[in-house]
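Each remark here refers to the structure printed beneath this line.
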Amino acid sequence: MRVRFAPSPTGFLHIGNARTAIINHLIAKKYNADLILRIEDTDMERSTKESEKSILEDLKWLGIEWTEGPDKDGGCGPYRQSERFDIYKKYSDRLVKEGKAYYCYCSAEELDEMRAEALETGRTSTYNGKCRSLSAEEKQKFTDEGRKPTIRFRVEENHEIKIRDLIKGEVIFNSDNIGGDFIIVRSDGVPVYNYIVVIDDLLMKITHVIRGEDHLSNTPKQILIAEALGFERPVYAHMALVMGDDKKKLSKRHGITSVALYRSEGYLPEALVNYISMLGWASETGEEILKIEDIISQIDLDNLAKSAAVFDFKKLKWMNANYIRSADDEVIYRQLLPFLSAAGYDISSYDENFLRKAVLFSRNYCELLSDIGQHMEIFLNDKPAVDGETEELLKSEAGQLIINSATEVLENLPDDSYADQFVDVIKEKTGLKGKNLFMPCRAVITGRMHGPDLADTMKILGRGKCLERISYFKTRYPAG
RNA sequence: GUCCCCUUCGUUUAGUGGUCUAGGACAUCGGGUUUUCAUCUCGACAACAGGGGUUCGAACCCCCUAGGGGAUGCCA
């Protein structure tokens, strides 16, 4: 079994394509199949090398491994369509010679007019077959006029095309409804997707074409080409599309759609892969956070949903937070550090042991890796900024009482229990209770009214740092 | 317009003729834990698009309607 992912390098890898890649990858792993990566770069105007490079990077980041591709020859290359033009030419020459395709001299402008007219009169825009049977003289005349012909594929009338789709079931098209004779080679000699995809899939020995539903209506054209060329056709599986919350095809205006952006915002690839695979699929037990091995063993082409799914950014975040919390300490620590630097902290200036403890503690509060800076502030910033409400609290009677007794209390507690007893002893000394007790105690250590467990926080900081913080707040908000 | 696909809680799904007064997860709301926040935990809210058939019986099968999506390119 051989499957493929065939992106066109005209931009960043976005969620929709990533999903196609992920499903292909999971299915390939499940059946121990080859995954072929093919670059469909025949749109010369929009394709770029940079885009190809970034797509490859994003795929690797997602953990997708292809067995053959532009960087990995497996004997079926080249794997960029732009490097295969001579192959396609052989087949188009053959189709023309056999009368299955013909030169069309209609200009783009003329075709636009015909389309516009068809639209106005409420007809389907079907090519009228004007150039179907041109005489040698007529062709010569067009050539003399300087016209460059396209090559059109001759579509047989009233021909039934039946597709057995692994996801959609049986889908039937009639050749009369696919827009007439379609162009397979542009006037500049560059062949067109719907044509060469058939040749590549055959030559690359693809057995299963797993792709988005937006390709379903292209499939009859591709089947017609395959039939004309005498090719065997692959098995098809068309997946429902991913949509935004307005039920329109997912696009930029719905939020982040580029995989690169997910990476830079601090999503874990495992979480993204897990979430995306849950779009249009459910595990046997209903569990949603699954190891990739479990997804691979349970997911299959015939249990993918037929209907489009809305991408839920909130649920992805929830899942990401789960992955961050349960990740391996060493792994997540390494992943978190760059985000801490990005938040403006000089990592090398802190004691490694302290930093590790604080980071591994704080990760429990992160939904995204990029949240780490904000949660580490209480550990790394010894002179924290204080918001208005907290300032008021520290200036209040209770705040002042605590500021003035905290140093002495903390200094006199035993080493092994200073953190656990701190609040209790303050309570005894001051007679304060409830929020008036607890919040200033926290504020005098972290500068904040809310945060993780205070005793845990103090243990990570160490008594010395806690005392420093207290004296900082003491000088900042002196008893007046 | 035409062709094709789709339609279960707000979202994602389970469900393949009786076990469905329709199950899970996220979100939302409320309780507990945490003298904070988050986590965790318990609970509540909440759906078979509509109409016709078929059948003893329909979320499940058939038809129609409506809604949504995709395609209709010398894009892929």
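Source: prediction; values computed, not measured. Every chain is numbered from 1 and lettered A, B, ... according to where its sequence line falls, protein lines coming before strand lines.
- Side-chain proximity of A:Val310 to B:G68, B:U11, B:U35: nearest is B:U11.
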For nucleotides 60-66 of chain B, give me one character per nucleotide, 5' to 3': B if any protein heavy atom sits under 4.0 Å from the base, S if the only such contacts are to the sugar-phosphate, - if neither.
-------
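- Residue contacts for A:Cys441: at a heavy-atom cut-off of 4.0 Å it reaches no nucleic acid atom on any strand shown.
- Residues from residues 8-20 of chain A lying near RNA chain B, meaning a heavy-atom separation below 4.0 Å, are A:Ser8 in numerical order.
- A:Asp245 places its CG atom 13 Å from the P atom of B:G69, with the value rounded to the nearest Å.
- Across the protein-nucleic acid pair, A:Gln81 atom CD and B:C75 atom C1' stand 12 Å apart, rounded to whole Å.
- A:Lys395 forms no cation-pi arrangement with A:Tyr477, by the criterion of a distance under 6.0 Å to the ring centre and an angle within 45° of the ring axis.
- Between A:Asp420 atom CG and B:U34 atom P there is a gap of 15 Å when expressed in whole angstrom units.
- Within 6.0 Å of the NZ atom in A:Lys317, the count of heavy atoms belonging to other residues, nucleotides or ligands does not exceed 12.
- A donor N or O paired with an acceptor N or O is not found under 3.5 Å between the base of B:C3 and the side-chain atoms of A:Ser217.
- When heavy atoms are screened at a 4.0 angstrom cut-off, A:Ser283 is found touching no nucleic acid atom at all.
- In this structure, B:U16 forms no base pair with any nucleotide, since neither Watson-Crick nor G-U wobble geometry is met with both distances under 3.5 Å.
- Under the 3.5 Å distance criterion, the side-chain polar atoms of A:Tyr365 are left unmatched by any main-chain donor or acceptor of A:Gln374.
- Rounded to whole Å, the C1' atom of B:U28 lies 28 Å from the corresponding atom of B:G50.
- Under the side chain to side chain donor-acceptor pair (under 3.5 Å) test applied with A:Tyr193, the options A:His215, A:Glu40, A:Lys221 reduce to a single match, A:His215.
- Partners of A:Ala101 under the side chain to side chain contact (heavy atoms under 4.5 Å, CB included) rule, at least two apart in sequence or in another chain, are A:Leu95, A:Val96, A:Ile151, A:Ile184.
- Listed candidates were B:A71, B:G69, B:C74. Nearest to the side chain of A:Asn218 is B:A71.
- With salt bridges taken as basic N to acidic carboxylate O contacts below 4.0 Å, one links A:Asp93 and A:Lys89.
- Rounded to whole angstrom, the span from the CG atom of A:Asp176 across to the P atom of B:U72 amounts to 18 Å.
- Nucleotide B:C3 forms a pair with B:G70, judged by Watson-Crick or G-U wobble geometry with both contacts under 3.5 Å.
- The salt bridge (Lys or Arg N to Asp or Glu O under 4.0 Å) analysis of residues 46-56 of chain A, with sequence neighbours excluded, yields the pairs A:Asp43-A:Arg46, A:Lys49-A:Glu52, A:Glu52-A:Arg80.
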Check the interface with nucleotides 36-41 of chain B: list each N/O to N/O pair with the protein under 3.5 Å, or write none.
{"unit_1": "B:U36", "atom_1": "O2'", "unit_2": "A:His450", "atom_2": "ND1", "d": "2.4"}
{"unit_1": "B:U36", "atom_1": "O2", "unit_2": "A:Gly451", "atom_2": "N", "d": "2.9"}
{"unit_1": "B:U36", "atom_1": "O2", "unit_2": "A:Gly451", "atom_2": "O", "d": "3.3"}
{"unit_1": "B:U36", "atom_1": "N3", "unit_2": "A:Arg442", "atom_2": "NH2", "d": "2.7"}
{"unit_1": "B:U36", "atom_1": "N3", "unit_2": "A:Gly451", "atom_2": "O", "d": "2.5"}
{"unit_1": "B:U36", "atom_1": "O4", "unit_2": "A:Arg442", "atom_2": "NH2", "d": "3.2"}
{"unit_1": "B:U36", "atom_1": "O4", "unit_2": "A:Gly451", "atom_2": "O", "d": "3.3"}
{"unit_1": "B:U36", "atom_1": "O4", "unit_2": "A:Asp453", "atom_2": "N", "d": "3.2"}
{"unit_1": "B:C37", "atom_1": "N3", "unit_2": "A:Gly451", "atom_2": "O", "d": "3.2"}

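- When the P atom of B:U11 is taken as reference, atom CG of A:Leu279 falls 13 Å away, rounded to whole Å.
- Within the 4.0 angstrom heavy-atom criterion, only backbone atoms of the sugar-phosphate kind lie near A:Leu241; the bases stay farther away.
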For nucleotides 7-10 of chain B, give me every protein contact, N/O to N/O, under 3.5 Å, one pair per line with atom names.
none

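- Between B:A76 and A:Arg186, a contact under 4.0 Å exists linking OP1 or OP2 to a side-chain N or O.
- Shown here, B:U34 forms no base pair; nothing in the strands shown gives a Watson-Crick or G-U wobble contact with both key distances under 3.5 Å.
- Although no hydrogens or angles enter the test, the distance criterion places no donor-acceptor pair under 3.5 Å between the side chain of A:Asp41 and the main chain of A:Ser8.
- Listed nucleotides: B:C75, B:C74, B:C5. Nearest to the side chain of A:Arg46: B:C75.
- Using a 30° and 60° split on the angle between ring planes, A:His238 and A:Tyr236 fall in the parallel class, below 30°.
- Note on A:Gly280: only backbone sugar-phosphate atoms sit closer than 4.0 angstrom, heavy atoms only; bases stay farther off.
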Can you build the contact string for nucleotides 44-49 of chain B? Use B for base contact, S for sugar-phosphate-only contact, and - for no protein heavy atom under 4.0 Å.
------
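- For the pair A:Glu367 and A:Leu216, nearest-nucleotide mapping onto RNA chain B gives the more 5' position to A:Leu216.
- Of the listed nucleotides (B:C4, B:G69, B:G70), B:C4 has the atom at the smallest distance from the side chain of A:Val171.
- Under 4.0 angstrom from either OP1 or OP2 of B:C74 there lies at least one side-chain N or O belonging to A:Arg115.
- For A:Lys249 (side chain) and A:Met243 (main-chain N/O), no donor-acceptor pair under 3.5 Å exists by modelled atom type.
- One interatomic measurement links the two molecules: CG of A:Leu316 to P of B:U13, which rounds to 14 Å at whole-angstrom precision.
- Residue A:Tyr193 is in base contact, counting any heavy-atom pair closer than 4.0 Å across all strands shown.
- Among residue pairs with one or both ends in residues 176-202 of chain A, those qualifying as salt bridge (Lys or Arg N to Asp or Glu O under 4.0 Å) are A:Arg4-A:Asp201, A:Arg38-A:Asp200, A:Arg38-A:Asp201, A:Arg84-A:Asp200, A:Arg132-A:Asp181; sequence neighbours excluded.
- Across all strands shown, B:A27 has no partner, as no Watson-Crick or G-U wobble contact with both distances under 3.5 Å is found.
- Under the salt bridge (Lys or Arg N to Asp or Glu O under 4.0 Å) criterion, the residue pairs touching residues 358-379 of chain A are A:Asp329-A:Arg363, A:Glu377-A:Arg448, with sequence neighbours excluded.
- The aromatic rings of A:Phe182 and A:Phe153 sit tilted, their planes meeting at an angle between 30° and 60°.
- Every pair passing salt bridge (Lys or Arg N to Asp or Glu O under 4.0 Å) that includes a residue from residues 266-291 of chain A is listed here, sequence neighbours excluded: A:Glu288-A:Lys315.
- Distance check on atom C1': B:U8 versus B:C48 gives 4 Å, rounded to whole Å.
- Within 4.0 Å of A:Lys248, counting heavy atoms only, lie sugar-phosphate atoms of the nucleic acid but no base atom.
- Nearest nucleotide to the side chain of A:Ala309, out of B:A71, B:U12, B:U35: B:U12.
- When distances run from any side-chain atom of A:Lys249 to the nucleotides B:G70, B:C4, B:C5, the shortest one goes to B:G70.
- For the pair A:Ile196 CD1 and B:C74 C1', the computed distance is 13 Å after rounding to whole Å.
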Table of protein N/O atoms under 3.5 Å from nucleotides 22-24 of chain B N/O atoms:
{"unit_1": "B:G24", "atom_1": "N2", "unit_2": "A:Glu288", "atom_2": "OE2", "d": "2.6"}

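- In terms of position on RNA chain B, the residue among A:Tyr275 and A:Pro191 whose nearest nucleotide sits closer to the 5' end is A:Tyr275.
- Protein atom CE of A:Met114 is 11 Å distant from nucleotide atom P of B:G73, rounded to whole Å.
- Listed by chain and residue number, nothing satisfies the ring-ring contact (aromatic ring centres under 6.0 Å, His included) test with A:Tyr88 (two or more places apart in sequence, or in another chain).
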